[in-house]
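Structure below; questions to follow.
Note that the structure is a prediction, hence the values are computed from the model and not measured. Sequence lines set the chain letters: A, B, ... in the order given, protein chains first and strands last, and positions in each chain run from 1.
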Protein chains: 2
Amino acid sequence: MGGVSGAVHAADRAERVPKQDRSRATRQRLLEAAVACLAEHGWAGSTVAVVAERAGVSRGAAQHHFPTREDLFTAAVEYVAEERSVALRALFPERAGADDRHAVVAALVDLYTGPLFRAALHLWVAASDEEQLRGRVTELEARVGRETHRIAVDLLGADESRPGARETVQGLLDMARGLGLANLLTDDAARRERVVEQWARLLDGVLDGTPGRHHG
Amino acid sequence: MGGVSGAVHAADRAERVPKQDRSRATRQRLLEAAVACLAEHGWAGSTVAVVAERAGVSRGAAQHHFPTREDLFTAAVEYVAEERSVALRALFPERAGADDRHAVVAALVDLYTGPLFRAALHLWVAASDEEQLRGRVTELEARVGRETHRIAVDLLGADESRPGARETVQGLLDMARGLGLANLLTDDAARRERVVEQWARLLDGVLDGTPGRHHG
């Protein structure tokens, strides 16, 4: 927000806030369009110009917000990942016990299906081939991964001071990522639901720590 | 091999078998070069011509073996996946019990790191964008997936008639795939080892269950 220099006429003042709102809305439209574009067309088909057109924003305005292609797409994946994290926390305002652990596992797995995962996957794969993208995506991936792990620990009510709890949650998130990959070419929802059900049951035994607690 | 028609001179006969050997060797070189190429340069940078050059094979010979780019790369991923399956079975000639379950899980997870996984990943991602590749890769993926599942069930000594056993093994393979993805941009070996250890432990509890631990 900061200070505004020079004389400001009443009319300008009235326009100032809406202008900032518009700028924020433009940025948001660009980020959302970028993720959709990446998910649909992959890295090769995703440029600032294509995204600007999709978002209904001039190319100049797009470049003002995101000077480079790398800026735009890494910001886009991070933005949408944050949106999803917030939504996930809102879904379970309280730490989950065994009762809704199945729902939590299903919601965590859902993070890895859909357009955001497809977009992120395209970005990862492109980054594995392109040096100038690699560093930024690695960093982004680490940040998003840490945040997702934190959320998973909270929502599952996992006590990470217990041996194996941390690795159990990590493995669960790896499984979620793998399930996302399995869903890339075909609709894998039915199988996924059975796997989620079984592993949510296994987690109950591990995280609640009554060894030998079994299927209900 | 079939019958050979017409009069066959002694010299021709002597050359026949080596020629078939050479043809098979050429095919194999092309397949291995194709996987390496896909792993390093992605789908966009992988053409029959590039692979032929890498394999030291004429473009005509390459096209004789694989008329289209799709033929070459799907055959390559399938070939290498089969090679790896055979190697994996050879590593554990007997059904595993709890004793070497950790080793089996580690070996299964290893299927999803390294050049084959990178190559397959590039192929999947390209197939998700390209209609003409999609059907073939989906079919290939299903075939390879079934075979990997069968091997995992055998090596882990899982009794699929027990409720949840099938989904447990599936989830494990999904986790392995997710771990492969996590290894794409950075060396994730240390974390992966801890996750493998913990999940191998979880499997022991599930697959051995209460009584009825049965292995050779």
Side-chain angles (χ1 to χ4, degrees), chain A residues 39-45 109 112 118 121-122 124-130 133-135 137-139 141-142 145 163-182 184-186 188 191-199 201-203 205-206 211-212 214-215, chain B residues 39-45 109 112 118 120-122 124-130 133-135 137-142 145 163-182 184-186 188 191-199 201-203 205-206 209-210:
Chain A
E40 279 170 38
H41 306 298
W43 177 249
V109 166
Y112 298 87
R118 289 175 62 87
L121 187 59
H122 276 113
W124 288 334
V125 169
S128 80
D129 297 329
E130 288 188 31
L133 198 54
R134 194 186 186 105
V137 173
T138 303
E139 209 189 305
E141 179 43 18
R166 183 178 175 74
E167 290 74 19
T168 301
V169 173
Q170 286 184 340
L172 178 73
L173 291 175
D174 288 311
M175 188 187 76
R177 212 179 354 234
L179 285 166
L181 206 46
L184 191 64
L185 298 182
T186 50
D188 191 40
R191 185 188 76 91
R192 184 169 64 244
E193 173 50 30
R194 290 192 297 272
V195 170
V196 162
E197 200 170 309
Q198 170 64 6
W199 278 91
R201 218 179 274 138
L202 296 185
L203 280 187
V206 184
H214 4 254
H215 340 308
Chain B
E40 280 171 37
H41 306 298
W43 177 249
V109 165
Y112 298 87
R118 289 175 62 86
L121 186 59
H122 277 113
W124 287 334
V125 168
S128 81
D129 297 328
E130 287 188 31
L133 198 55
R134 193 186 185 103
V137 174
T138 303
E139 212 188 303
L140 163 68
E141 178 43 18
R166 183 176 177 73
E167 289 75 19
T168 301
V169 174
Q170 286 184 340
L172 178 73
L173 292 174
D174 288 311
M175 184 192 77
R177 212 179 355 234
L179 285 167
L181 206 46
L184 191 64
L185 298 181
T186 49
D188 192 40
R191 185 188 75 92
R192 184 168 65 245
E193 173 50 31
R194 291 192 298 269
V195 170
V196 162
E197 201 171 306
Q198 169 66 4
W199 277 55
R201 218 177 278 138
L202 295 188
L203 280 185
V206 185
T210 19

Identified side chain to side chain contact (heavy atoms under 4.5 Å, CB included) partner of B:L202 from the options A:L202, A:T168, A:L203 =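 Looking at A:L202, A:T168, A:L203, the match for B:L202 under the side chain to side chain contact (heavy atoms under 4.5 Å, CB included) is A:T168.
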
ask   = Which answer fits A:A39, side chain, backbone, both or neither, if we ask what part of it has an atom under 4.5 Å from a heavy atom of chain B?
value =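 The backbone, not the side chain.
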
ask   = Of all heavy-atom pairs between B:W199 and A:M175, which one has the smallest distance, and what is that distance?
value =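 Between these two residues, the closest heavy atoms are CH2-SD, 4.2 Å.
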
task = Quick one: closest heavy-atom pair of B:D129 and A:E40, and the distance?
result =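 Where B:D129 meets A:E40 most closely, the heavy atoms are OD1-O, 3.4 Å.
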
ask   = Which residues pass the ring pair (Phe, Tyr, Trp, His ring centres under 6.0 Å) test with B:W124, sequence neighbours left out?
value =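 So B:W124 forms no ring pair (Phe, Tyr, Trp, His ring centres under 6.0 Å) with any residue.
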
ask   = Is it the backbone or the side chain of A:A44 that comes under 4.5 Å from a heavy atom of chain B, or both, or neither?
value =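 Neither part; nothing is under 4.5 Å.
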
A:R166 versus chain B, the contacting section by heavy-atom distance below 4.5 Å =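 For A:R166, there is no contact with chain B at all, as no heavy atom is under 4.5 Å.
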
message = List the residues meeting side chain to side chain contact (heavy atoms under 4.5 Å, CB included) with B:R191, not counting sequence neighbours, and say none if there are none.
response =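 B:R191 satisfies side chain to side chain contact (heavy atoms under 4.5 Å, CB included) with A:Q170, A:D174, A:R177, B:L179, B:A182, B:D188, B:R194, B:V195 once adjacent residues are dropped.
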
inquiry  = Looking at chain A, which one of B:V137, B:L172, B:V196, B:T138 has the largest number of heavy-atom pairs inside 4.5 Å, strictly under?
reply    =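 Maximum pair count with chain A is reached by B:T138.
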
key: Heavy-atom proximity to chain B below 4.5 Å, by part of A:E141   =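 No part of A:E141 comes within 4.5 Å of chain B.
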
inquiry  = Restricting to non-hydrogen atoms, name the atom on B:L184 and the atom on A:S128 that form the minimum distance, rounded to 0.1 Å.
reply    =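 For B:L184 versus A:S128, the nearest heavy atoms are CG-CB, 3.9 Å.
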
message = For the CD atom of B:E167 and the CZ atom of A:R192, what is their distance to the nearest 0.5 Å?
response =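 Interatomic distance, B:E167 CD to A:R192 CZ, rounded to 0.5 Å: 14.5 Å.
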
